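To keep things clear, I will list the structure first and then write my remarks on it.
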Number of protein chains: 2
Amino acid sequence: MDTVGGHATSSPMGVDRPLERKLAQYLDLDTSERALLDGMSGSELRFARAAAIASDGAEQNHVYVIKSGWCSCARHLSDGRRQITRFAIPGDFLCFDSIVTSVSTQDVVAITDVTLLQLRIEKLGEVAAKQPRLAVAMLWMAAQDDSALAERVTSLGRRFALERLAHLFVETYVRLDALGLAGGRRMHFPITKEQLADAMGLTTIHIYRTLRRLTESGLIRLDGPWLEILDLDGLKEQGKFDPLYIEASEIPAATNRALRGASLAME
Amino acid sequence: MDTVGGHATSSPMGVDRPLERKLAQYLDLDTSERALLDGMSGSELRFARAAAIASDGAEQNHVYVIKSGWCSCARHLSDGRRQITRFAIPGDFLCFDSIVTSVSTQDVVAITDVTLLQLRIEKLGEVAAKQPRLAVAMLWMAAQDDSALAERVTSLGRRFALERLAHLFVETYVRLDALGLAGGRRMHFPITKEQLADAMGLTTIHIYRTLRRLTESGLIRLDGPWLEILDLDGLKEQGKFDPLYIEASEIPAATNRALRGASLAME
DNA sequence: CGGATACTTGAAAGACTTCAACGATCGTGG
DNA sequence: CCACGATCGTTGAAGTCTTTCAAGTATCCG
């Protein structure tokens with residue numbers, strides 16, 4: 001790990017076996033499940049910074065899991081206005097919603113160079129059929145994404161610019177920290193001011209002004225793509241951050257038993 | 001069905017077997033699947049208008065499907081500000097995100113008198129295990145909810161008050177119409193101005209003013225809990241409504257085959 | 001060095017909120 | 001039946017948050 005103020009770990013934005021790591025948050029995988037996941041992990045994909053991974057309205061037959069790097073998902077209005085709906089980091093799913101329609105409903109773009117794990121949508125179905133526990137785990141993840149999005153809605157609807165940014169920084173810190181990617185309190189944060197504006201529903205100019213207020217009150221420090229949180233509690237208070245919505249927990253024991261039974265029955 | 005300007009159907013807000021109807025949008029259920037769903041449908045629950053169905057932070061061991069009526073999901077900030085994240089109508093899931101934590105992350109309230117179908121969270125796991133197709137269908141639904149929420153984010157971040165309301169009305173019409181609950185273009189819309197404000201990230205006063213502009217330009221007509229859309233195309237244009245994000249489609253044939261195979265293997 | 005992009009600042013305008021007041025409606029109790 | 005209070009709906013004016021426009025400095029890169 002990293003010390004506060006240190007610069008980078010050996011692999012600052014990457015994480016091995018992101019899918020396994022993510023699912024392991026909810027249930028401890030057995031060997032057959034791990035094998036299945038490994039089997040899917042075959043196709044790895046790389047995109048350069050700013051590359052389009054999926055386009056709104058275009059056919060989309062794959063779902064991705066980020067192995068390293070950051071991505072953004074966005075929608076556009078007809079006159080060019082853009083809203084970034086989320087920043088995705090290692091372990092996150094991409095294009096998860098396209099499994100409904102085989103058509104992407106968002107523009108997904110690589111914010112940094114990224115490495116992705118590629119899964120055919122149909123393959124997802126097979127996996128769900130063979131290993132119901134994994135299907136349920138995916139349901140779990142979808143629910144978590146949903147919860148995070150709901151909080152974003154809350155920010156956009158009812159938080160002021162200062163609160164929105166403070167909240168985003170705390171949330172980002174918590175998410176990166178869970179992956180071991182927040183070295184101390186100084187983390188890689190490769191988001192431009194324009195992307196920040198499009199995510200927060202503000203203009204870049206107002207982002208600059210608000211960021212300045214945040215740094216001048218000693219809550220954070222920014223230099224280039226590095227974000228340092230100087231006063232986490234202060235930032236939480238400023239952003240009215242309540243961690244409840246983001247905390248993961250294990251699948252209830254009873255569900256887990258039922259799922260295990262079903263898996264065994266198939267062998 | 002209803003004629004334009006007519007008042008009510010025999011069951012203006014209800015729908016039979018809401019879960020089946022919802023899932024049938026994605027796949028045609030076989031008899032064993034229908035039986036399983038019927039088995040779950042046993043516990044039916046009623047709540048009166050304004051009753052709390054779930055509370056943010058409280059333990060939550062059930063997921064619900066709305067049989068009739070409207071509900072809202074909301075988050076609160078520490079100082080009382082409220083953001084409604086969505087309005088739920090018949091067929092919609094409630095507390096879906098609580099399957100992650102067994103703790104509700106939102107306040108769910110009955111907007112009208114409602115009838116719900118109650119499912120234990122653990123039961124969901126069992127069903128997923130026994131009928132992978134249903135698990136995947138639920139994944140589908142979760143993805144659709146996600147897509148709708150992303151659009152809400154877009155509204156709050158990048159649409160003006162007038163556009164937001166126009167968009168909401170079109171979206172609501174489309175959703176109700178898919179259930180056969182939008183009689184012509186005049187539908188039951190039991191949302192108070194205050195709820196509208198909390199959903200759109202605005203104040204009630206501004207809702208009144210904006211609603212007035214919408215009615216004066218001849219796009220809609222409101223009287224009490226009835227909403228009539230006078231100019232659907234105009235409203236779509238005003239709200240920059242792009243239906244892509246909300247359209248359902250069937251599960252791809254290949255996935256379906258894989259799932260069926262798995263189901264059979266278990267018998 | 002030139003030119004692009006990132007970042008900053010100021011002033012005016014716009015969208016929306018806040019405060020305050022008022023009439024209309026509606027259910028309720030006397 | 002009428003009076004009453006409560007909520008709903010409306011309007012006006014001032015204030016706040018954020019945007020727009022416009023200009024300017026700093027930094028980086030070729």
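What you see is a predicted model; the values in this text were computed from it and never measured. Proteins get letters first, then strands, A, B, ... in listed order; numbering begins at 1 in each.
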Whole-Å gap separating P (D/dC8) and CG (B/Leu196): 13 Å

Using atom CD1 of B/Ile205 as one end and atom P of C/dA15 as the other, report the distance to the nearest whole Å. 18 Å

In whole angstrom, give the distance that lies between atom NE2 of B/His206 and atom C1' of C/dT18. 13 Å

Answer yes if the side chains of B/Ser72 and B/Gln195 hold a donor-acceptor pair under 3.5 Å, and no otherwise. no

It should be established whether B/Tyr208 places a side-chain nitrogen or oxygen under 4.0 Å from OP1 or OP2 of nucleotide D/dG9. yes

What about B/Arg158, does its side chain sit under 3.5 Å from the base of D/dT19 through a donor-acceptor pair? no

What's the spacing between B/Lys240 NZ and B/Arg158 CZ if we round to 0.5 Å? 14.0 Å

The nucleotide from D/dT11, C/dC16, D/dT20 with an atom nearest the side chain of B/Arg212 is D/dT11

Rounded interatomic separation in angstrom, taking CD from A/Glu194 and P from C/dA6: 8 Å

Is there a donor N/O on one and an acceptor N/O on the other, under 3.5 Å, for the side chain of A/Arg209 and the base of D/dT20? yes

From D/dT18, C/dT18, C/dC16, nucleotide with atom closest to B/Ala161 side chain: C/dC16

Could you check how far CD of B/Gln195 sits from C1' of D/dT7, rounded to whole Å? 14 Å

If only side-chain N and O atoms count, and only distance matters, is there a donor-acceptor pair under 3.5 Å linking A/His76 with A/Asp107? yes

Under 3.5 Å between N/O atoms: give me all the protein pairs with nucleotides 23-30 of chain D, atom names plus distance.
none

Would you kindly give the CZ-to-C1' distance between B/Arg221 and D/dG9, to the nearest whole Å? 18 Å

Please verify the inter-ring angle class for A/Phe241 with A/His167; under 30° counts as parallel, over 60° as perpendicular, anything in between as tilted. tilted

Interatomic distance, B/Leu211 CG vs D/dG9 P [rounded to whole Å]: 9 Å

So for atom CZ, which belongs to B/Arg221, do other residues, nucleotides or ligands contribute more than 12 heavy atoms lying within a distance under 6.0 Å? no

A/Gly224 or A/Phe160, whichever maps to the more 5' nucleotide of DNA chain C: A/Gly224

CA sep, side-chain torsions, deciding dist, call: A/Ser147, B/Arg75, side-chain hydrogen bond (donor to acceptor under 3.5 Å, both in side chains): CA-CA 10 Å; A/Ser147 183; B/Arg75 288 237 171 98; 3.0 Å; yes

Counting only side-chain heavy atoms from C-beta out, which of D/dT11, C/dC16, D/dT18 sits nearest to B/Arg164? C/dC16

Rounded to the nearest 0.5 angstrom, the OG1-CG distance for B/Thr172 and B/Leu168 is 4.0 Å

Measure the distance from CZ on B/Arg213 to C1' on D/dT11 and round it to the nearest whole Å. 15 Å

